[in-house]
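Accompanying notes for the structure given below.
As a basis for the values below, the full set of heavy atoms in this structure was taken, side chains included, without hydrogen atoms, waters or symmetry mates.
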Amino acid sequence: IFLVRASEKLLQQPVTIGVGLCFESRPVHKKPLQQLKRLVTALGYFGAFEVEFIHLKDSDDFLLIDFNSRFY
């Protein structure tokens, strides 16, 4: 089972680089989803995780900037 949800960070503290405090739901984009699934499969990773992307403006491209295992 591979389940995902997407959100956008609206507020973080401190502002320049910090902990996310407020997020809003967003639609899941197919391209980064497929690339992410290939990555975790190739790594043999399974379990809960959180990833962070930067969406390049005027493009369908996303840059993966953070990958953290999570188990809340």
Side-chain angles (χ1 to χ4, degrees):
I1 299 172
F2 190 79
L3 300 172
V4 298
R5 73 175 294 275
S7 63
E8 181 178 349
K9 187 188 303 182
L10 301 177
L11 175 66
Q12 68 182 19
Q13 188 64 32
V15 175
T16 53
I17 181 168
V19 176
L21 300 173
C22 183
F23 297 84
E24 188 170 86
S25 238
R26 292 288 186 253
V28 175
H29 292 270
K30 252 186 189 178
K31 184 177 178 180
L33 171 64
Q34 292 167 344
Q35 292 171 329
L36 182 59
K37 193 170 183 177
R38 279 198 316 269
L39 175 66
V40 296
T41 300
L43 293 172
Y45 183 85
F46 62 94
F49 61 90
E50 179 248 347
V51 295
E52 192 170 345
F53 293 95
I54 295 174
H55 185 196
L56 300 178
K57 289 186 179 195
D58 302 323
S59 171
D60 191 30
D61 292 331
F62 292 79
L63 299 177
L64 176 66
I65 63 167
D66 201 8
F67 186 109
N68 297 297
S69 57
R70 296 283 190 239
F71 205 82
Y72 299 104

Rounding to 0.5 Å, atoms CG (Leu39) and CZ (Phe67) come to a distance of 6.0 Å

Output for pair (Gln12 CD, Cys22 SG), nearest 0.5 Å, gives 11.5 Å

For residues 4-17, the salt bridge (charged side-chain N to carboxylate O under 4.0 Å, His left out) pairs (sequence neighbours left out) are Glu8-Arg26, Lys9-Glu52

Nearest heavy-atom approach of Ala6 to Pro27 is CB-O, 3.7 Å

TODO: Treating Ile, Leu, Val, Met, Phe, Trp and Tyr as nodes and any side-chain heavy-atom pair under 4.5 angstrom as an edge, say whether Ile65 and Leu11 lie in one connected cluster.
DONE: no

Quick note, salt bridge (charged side-chain N to carboxylate O under 4.0 Å, His left out) partners involving residues 27-43, not counting sequence neighbours, are Lys31-Asp61

Value for CG (Leu3) from CD1 (Ile1), rounded to nearest 0.5 Å, stands at 6.0 Å

- Message: Does the plane of the ring in Phe49 sit parallel, tilted or perpendicular to the ring in Phe2? Use 30° and 60° as the thresholds.
- Response: tilted

### Query
When hydrophobic residues are tied together by side-chain contacts of less than 4.5 Å, even through go-betweens, does Val28 share a cluster with Ile54?
no

What about Val40 and Val4, same hydrophobic cluster or not, with Ile/Leu/Val/Met/Phe/Trp/Tyr joined at side-chain heavy-atom distances under 4.5 Å? yes

- Message: With clusters defined by side-chain heavy atoms of hydrophobic residues (ILVMFWY) lying less than 4.5 Å apart, directly or transitively, does Phe53 cluster with Phe23?
- Response: no

